[in-house]
Novice: 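Sharing a structure here in structure tokens format.
All of these numbers come straight from a predicted model, not from anything done at the bench. Every heavy atom of this structure was used, including side-chain atoms; hydrogens, water molecules and symmetry mates were not. Proteins come first, then strands; the chains are lettered A, B, ... in the order of their sequence lines, and each starts at number 1.
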Amino acid sequence: EAQVTQNPRYLITVTGKKLTVTCSQNMNHEYMSWYRQDPGLGLRQIYYSMNVEVTDKGDVPEGYKVSRKEKRNFPLILESPSPNQTSLYFCASSFLGHGNSPLHFGNGTRLTVT
Amino acid sequence: QKEVEQDPGPLSVPEGAIVSLNCTYSNSAFQYFMWYRQYSRKGPELLMYTYSSGNKEDGRFTAQVDKSSKYISLFIRDSQPSDSATYLCAMGGNYGGSQGNLIFGKGTKLSVKP
């Protein structure tokens, strides 16, 4: 089954404790992206990657890191999480990465930073 | 002015009603228009995809794009309780790079009452 898989689904952590949220897709997509979704703010792009070893900032990159060493994986790293990073996070992928290429989303990771 | 505007609702309708969801946008370069449906605790899933102006129908769902007015709509006929979800519009252009990323509306929460 074609899918985007995120882990973990739920994560509670404390301020400053480094964490990684994994994302993997099995559709051989070039493009991958991370979003956060907050009430009243909608989906906001954190980082995206057009291909292996090619990453770029989205609208809200501060406090996050990403890497794209393999085509299928795109982990999101929070080096020193803070409470304002409490949010629902989605990984997504698409074939082309242009506006004409629909995104496929994972089921989300709900992160709480205390 | 935000690039994409979408009324957040919530919108509550009785079962069987016709539902109209709308988005307006400001960027005339958008060429591709999508509607995503997001159930609670799930990632957004692509519902409808339209290129340029015109209508597209898929079962009970019809997507309309009016580029002259910079206005897109999603109509749901004979709405069902299973249609209860948040609907996000998204749009983009075929110009690549960061500008080619999809831009999302904030979503409209729909509730269909039995």
Novice: I want to check something: taking the side chain as every heavy atom from C-beta on, are Tyr36(B) and Pro102(A) in contact at a cut-off of under 4.5 Å?
Specialist: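 With C-beta onward as the side chain, the pair touches.
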Novice: More than 12 heavy atoms of other residues, nucleotides or ligands under 6.0 Å from NZ of Lys109(B): is that the case?
Specialist: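 It does not: Lys109(B) NZ has 12 such atoms or fewer within range.
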Novice: Can you list every disulfide (SG to SG under 2.5 Å) pair that touches residues 54-86 of chain B, not counting sequence neighbours?
Specialist: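 For residues 54-86 of chain B, and leaving out neighbouring residues, there are no disulfide (SG to SG under 2.5 Å) pairs at all.
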Novice: Measuring heavy-atom distances to chain A, does Pro8(B) have an atom under 4.5 Å in its side chain, in its backbone, in both, or in neither?
Specialist: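 It is neither, since no heavy atom gets under 4.5 Å.
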Novice: Within this structure, what is the CD-NZ distance for the pair Gln37(A) and Lys106(B), rounded to the nearest 0.5 Å?
Specialist: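 These two atoms lie 12.0 Å from each other.
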Novice: Do Tyr47(A) and Leu103(A) belong together in a cluster built from hydrophobic side chains that touch within less than 4.5 Å?
Specialist: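 In one cluster: no.
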Novice: If hydrophobic clusters are built from ILVMFWY residues whose side chains come within less than 4.5 Å, do Leu88(A) and Leu76(A) share one?
Specialist: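 No, because Leu88(A) and Leu76(A) fall into different hydrophobic clusters, even though each may have its own neighbours under 4.5 Å.
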Novice: Report yes or no: do Phe104(B) and Tyr49(B) belong to one cluster of Ile/Leu/Val/Met/Phe/Trp/Tyr joined by side chain heavy-atom distances under 4.5 Å?
Specialist: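 Both belong to a single hydrophobic cluster.
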Novice: Could you measure the distance from the CG atom of Leu43(A) to the CG atom of Leu88(B)? Nearest 0.5 Å is fine.
Specialist: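 Separation between the atoms: 6.0 Å.
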Novice: Could you tell me the separation between the OG atom of Ser94(A) and the CG atom of Leu102(B), rounded to the nearest 0.5 Å?
Specialist: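 Taking OG in Ser94(A) and CG in Leu102(B), the distance rounds to 7.5 Å.
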Novice: With a 4.5 Å cut-off on side-chain heavy atoms, are Phe90(A) and Gln38(B) touching?
Specialist: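 SC-SC contact between Gln38(B) and Phe90(A) confirmed.
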Novice: Heavy-atom count check: over 12 atoms from other residues, nucleotides or ligands less than 6.0 Å from Arg110(A) CZ?
Specialist: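 Count not over threshold, so no.
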Novice: Can you check whether anything in residues 2-16 of chain A gets within less than 4.5 Å of chain B, heavy-atom wise, and list it by number?
Specialist: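 From residues 2-16 of chain A, the residues near chain B are Arg9(A), Tyr10(A).
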Novice: Looking at every non-hydrogen atom in both residues, tell me the closest pair between Lys42(B) and Asn107(A) and how far apart they are.
Specialist: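 Scanning both residues, the minimum pair turns out to be CD-OD1, 3.6 Å.
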Novice: Are Val4(B) and Ile72(B) linked, directly or through intermediate hydrophobic residues, by side-chain heavy-atom contacts shorter than 4.5 Å (ILVMFWY only)?
Specialist: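 Linked within one cluster.
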Novice: State yes or no: do Val65(B) and Val19(B) share one hydrophobic cluster built from I, L, V, M, F, W and Y residues joined by side-chain heavy-atom distances below 4.5 Å, directly or via other members?
Specialist: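 Val65(B) and Val19(B): one cluster.
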